[in-house]
Amino acid sequence: MIALKNAWRRNAVAYMFLTPWIVGLIGLSAIPMVASLYFSFTNYDMFTDPQWVGLANYAQMFQDQKWLNSVEVTFKYVFISVPLQLTFALCVALALSKGLKGLRFYRAIYYVPSLFGGSVAVALLWRQLFGGDGLVNRGLAVFGIEGTNWISQPDTALYTLIILAVWQFGAPMIIFLAGLKQIPIELYEAAKIDGAGKFKQFFKITLPLLTPIVLFNLVMQVISAFQAFTPAFIISGGSGGPLDSTLFYTLYLYQKAFTQFQMGYASAMAWLLLAAIAILTALIFLSSKKWVHYQE
Amino acid sequence: MKKNKVIHTLLSAIMLTSLFLAGCSGSDNNSSEGNGESSGGGDEVTIRFSWWGDTKRNEIYNSIIDRFEEANPTIKVDREFGGWNDYWDRLSTQIAGGNAPDVVSMHQFYVSDYARRNALLNMQEFADAGTIDLSNFAEATVESGTVDGNLFMVAKGVTMPGIVYNAGFLEEIGVEPPDMNWTWDEFNEKMLEVNQAMPEENFGVPDLSGGQLQPNFRYFVRQRGNDVFTEDGMLGFEREDLVAWWTMWEDLRQKGAVPDGATTTEYDSAPLEQNMFTTGLTAFTQVPANQLHLYQEQFDNGDLEIVRMPGLEDGETGEYIEGAYLSITERSEHPEEAAKFIDFFVNTEEALELFKVEQGSPGSSEMAEFVLPLLEPAQQRAVDFIQETVEYARPAPYAPLGINELEQSFADNASGIAFGQLTVEEAADNFMAAAESILQ
Amino acid sequence: MEPNKIPEEEVGPSVAKPLLKTLDPVKNHKPRVKKPRYLTHALIIAIGLIMLYPLLWMVMSSFKENTEIFQSGSFFPKNFTLENYIQGWTGVSGVTFGRFFLNSGIIVTLCIIGNVFACSMAAYAFARLDFAFKKVLFMIMLITLMLPFHVTVIPQYIMFNYLDWINTFIPLTLPKFLATEGFFIFLMVQFMRSIPRELEEAAQIDGCGKIRMYWQLIMPLSVPALITTMIFTFIWTWNDFFSQLLYLSNIKLYTVAVGLRMFVDSMGESSWGALFAMSALSLIPLFVVFIFFQRYIIEGITAGGVKG
């Protein structure tokens, strides 16, 4: 009886804390999500009423060459850019958490690229850097290497976008920094007394205690990389060119929805993407039991 | 625990500000809602008007609206605007959301999407009643705003595409400028000639073989007696038309007069100030005449001249009317006032004095004459050109549903050729197959 | 608490092992090994310049005349002009950029407040409390992040239009008060889970209820995460133009992000100079906020908190 009462109380307190989120979930997030799920089974051109077509949209996808191509492009992008970006962010975070003079200043500088977001200026800039007579090629010319049109060659265009993603590494870096700061100093002091070196400290203290944050960054970067849209949109002007080599999944989805008015098809694409991300995220979480350490 | 105190004060302060700001934004909302709805008591009606453009155009349009409100004290016009892409994203969302502006700016690229999905109002009734006076509009101009016989758009400015070159530059490199009327054969020769006269890494003209189906390819097939679409929404040309078109461009590309795929892509999304022509990479380019003066601003070493799109010897004319238009949305609650506004916009000196040729030569011939003395030289040349070529215009059927997907296939296959990944024959096969499945 | 306490403590005499020296010579505080420090600085600055180049280029361009921006290859302006700033600030039809800054400021402030409180509450429940359906709800929370917004935007617009909230700040701010940003919930969950349990147990013995525990223990200990949330909310909301574009069509409600787009029209003319000038201005608040708050992330109060 008392146990039951306690359980009820425990739930009540927890749900009280969750109230805003639940209200938002039901009132704001759920309705559009369910609506889009419904659209995914229909032919919906946005202006007239949707017509039920069952699984036709889903079936059509697997015969759509452009869709298959966008899947390939996106997977490539996710599996290359996420590890690169996270490693880079962690290295910089480690370097910048040390006792150098003027650290605040450096940290601010390193965050600048991430402040730009998807500004038009970035597109202009990228052309300046990676275009035919861009800075990169001028730099290579010093070493006698002749570069190409990095942005506009189908073989290299995607990699310029990956570089862009790595360049905007500020968000995971800040989160790593915050995580590093939460590691109690006492642990290091104790380790030092035990005679542990820097290397050992990193692998025995820093990295294990940082794993919850690594998990967070990994999951969030995977989720957002799968949905990457802005970089390809601004740099290819929304086309996904050259030859669809930067046609990200969500860029194609956007074209389907807003240029070709096939919102039903776009919604089906979105839900398939959701399923893919969900599976991958679940796998990461499952594996996390092996490598993430909480202080509980 | 000194820090805890600091944090607490900080958090409490945030709470207080939040309450304060919540109040602020609340009052803000009320006031804006007040603007959006017609106020209960009076006869005042509010309509919404939406357009695309940059800040300069917005200044012009705002002034026109101010004058309209002055002349019609009972009608208030709420203004909405954005750049080209933003404009269409927002408009489609607004229409889907049942919150479309009353008067919207329309364009050939999109009108069939909107008209064929019942998003636009047939304005014939207002034209008949004279609310929108089209008596000074050329028949072809009025016609260009109809889809399947329904008047869905009224032209605020009409324009014609042409091939543009810098006269000063051609003289400098010793190349004769082309004739106003020239053929595709002459075009080819000229491109090769100018390419010879220019440095190695330069080209005659940007690659016009792909992109959208209109205007370039459309002119070509119309000259061959076909069109891209038939009246009943089927493909209006043959595979051989496509092969002839792409073969011509591939030939120029092989001879170095047209850039390869990578170079084209590099400049694909470049702004006007940075495109191939303005940066001097090509000697010619295709430009809608109303933009001639914008290009001229980029050149201080000679006048830009514009000639007709190349034609076919003994072929038909390719010309058809293009431009920027105004439409009323289907669900507008105040179509009458919206029509009044459109009439003011296209038919009064107060409006045209400001509009001039902002988005093309005025649709009304009377107004076109009125603005002529107000123009800069480059704009005058453009208007002369438009008026001369409009004479050749023939009606052009509007695209069927699915056009955007078809255009995508056209662009994809054209760039497949440009990158050397497809032969002309393969690309043509791909496109015809796509067309068959899309336009059933 | 000194800013860079951890590293300084790490750099004790015991770190004199040769391996470590080669690995990380920077660590040594003794004056005689100053040289490597300069090297590190030089390296950081060199990479920093790559990071900064775009910003510098934009600022330089903003002082150029419109025709010079694309035509000259020179990095520095030939004729220094403030015209772009004046023209840009003027805005459109009597609404200046000041108004846009104010609007963005209001929206951003509300979003920050919403995210900090609503997300931390949800995060506290997920991280520290036991309740029915916890795992399921957490999964749902993550799933809401996985749907591309292009397909939810239409139903959302219909919904907000039905509620008559178009052209108000409500569609942009209310969702944050209802913790719809799962990113921040998850972020705080990860941080809160790293707070040692013993602290809570100690507090529990003192008779601390869950609400007081959240407010007086967990919140102060989560300051790095909260500040991170503030910074990100600030930057992302400030830069987010798509939803602002859709929900605010009245120019008086325009924000900086939407205002910046007015200078560019891909179908015609663009005022690049004004765009760069206003873009540069719009980065200032971001930069200031970042500089001001980042020290709270880095310096945190962890050590103090844990010891207290």
Side-chain angles (χ1 to χ4, degrees), chain A residues 32 35 39 43-50 60 63-66 69 120-121 123-124 126-128 130-134 137 147-157 160 232-247 252 254-263 265, chain B residues 83 85 88-98 100 109-110 113-120 201 210-211 259-271 273-274 279 281 329-331 401-409 411-413 415-416 418-422 430 434 437-438:
Chain A
F39 291 152
N43 220 335
Y44 178 46
D45 67 11
M46 294 165 75
F47 298 169
T48 55
D49 289 336
Q60 195 191 331
Q63 285 156 21
D64 181 348
Q65 275 307 319
K66 277 181 94 94
N69 173 61
V120 195
L124 288 176
W126 231 237
R127 191 171 301 124
Q128 278 218 333
F130 292 102
D133 55 352
N137 281 351
T148 80
N149 258 327
W150 304 100
I151 292 184
S152 47
Q153 289 290 355
D155 305 337
T156 54
T160 64
F233 186 79
I234 54 171
I235 286 178
S236 73
S239 72
L243 291 184
D244 293 345
S245 59
T246 62
L247 187 68
Y252 186 48
Y254 165 85
Q255 288 180 356
K256 278 286 171 196
F258 284 89
T259 327
Q260 302 181 9
F261 299 93
Q262 300 182 24
M263 190 52 98
Y265 189 73
Chain B
N85 287 326
W88 294 106
D89 282 352
R90 177 155 73 194
L91 184 60
S92 53
T93 310
Q94 285 175 329
I95 291 181
F109 291 163
Y110 286 98
D113 284 315
Y114 285 80
R116 291 184 199 282
R117 293 192 173 96
N118 307 324
L120 303 179
E201 66 277 11
D260 58 291
T263 313
T264 299
T265 308
E266 187 180 355
Y267 288 88
D268 241 0
S269 54
E273 293 85 345
Q274 267 196 310
T279 52
L281 205 59
T329 49
E330 169 71 21
R331 292 216 239 162
L401 288 176
I403 160 77
N404 295 302
E405 209 177 341
L406 194 63
E407 297 222 308
Q408 187 70 59
S409 169
D412 287 349
N413 284 303
S415 78
F419 274 101
Q421 303 216 335
L422 293 174
N430 287 350
S437 77
I438 295 165

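Here is how names work: the chains are called A, B, and so on, in the same order as the sequence lines, proteins then strands, and each is numbered from 1. Heavy-atom basis, side chains included; hydrogens, waters and symmetry copies ignored.
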Comparing A:Lys256, A:Gln262, A:Gln260 against chain B, the one with the most heavy-atom pairs below 4.5 Å turns out to be A:Gln260
So, B:Asp260 and B:Thr263: side-chain donor and acceptor under 3.5 Å apart, yes or no?
-> yes
Is there a donor-acceptor contact under 3.5 Å from the side chain of A:Trp150 to the main chain of A:Thr160?
-> no
Looking only at heavy atoms, which two atoms of B:Ala434 and B:Ser409 are closest? And how far apart?
-> CB-OG, 3.5 Å
With a 4.5 angstrom heavy-atom cut-off, which part of B:Tyr114 approaches chain A: side chain, backbone, both or neither?
-> both
With a 4.5 angstrom heavy-atom cut-off, which part of B:Thr264 approaches chain A: side chain, backbone, both or neither?
-> neither
Heavy atoms of A:Pro154 and A:Leu243 approach each other most closely as CG-CD1, 3.9 Å
When the 4.5 angstrom heavy-atom criterion is applied to A:Phe130 and chain B, the contacting part is neither
How about A:Gln60 and A:Asp64: does a side-chain donor come under 3.5 Å of a side-chain acceptor?
-> no
Against chain A, label B:Glu407 side chain, backbone, both or neither, depending on which of its atoms sit under 4.5 Å from a heavy atom there.
-> neither
Option in A:Asp244, A:Asp45, A:Thr148 with maximal non-hydrogen atom pairs under 4.5 Å from chain B = A:Asp45
Region of B:Gln274 in contact with chain A, defined by heavy-atom distances below 4.5 Å = side chain
Can you list the steps and then say if A:Asn69 with A:Tyr252 is a side-chain hydrogen bond (donor to acceptor under 3.5 Å, both in side chains)?
-> CA-CA 10 Å; A:Asn69 173 61; A:Tyr252 186 48; over 6 Å; no
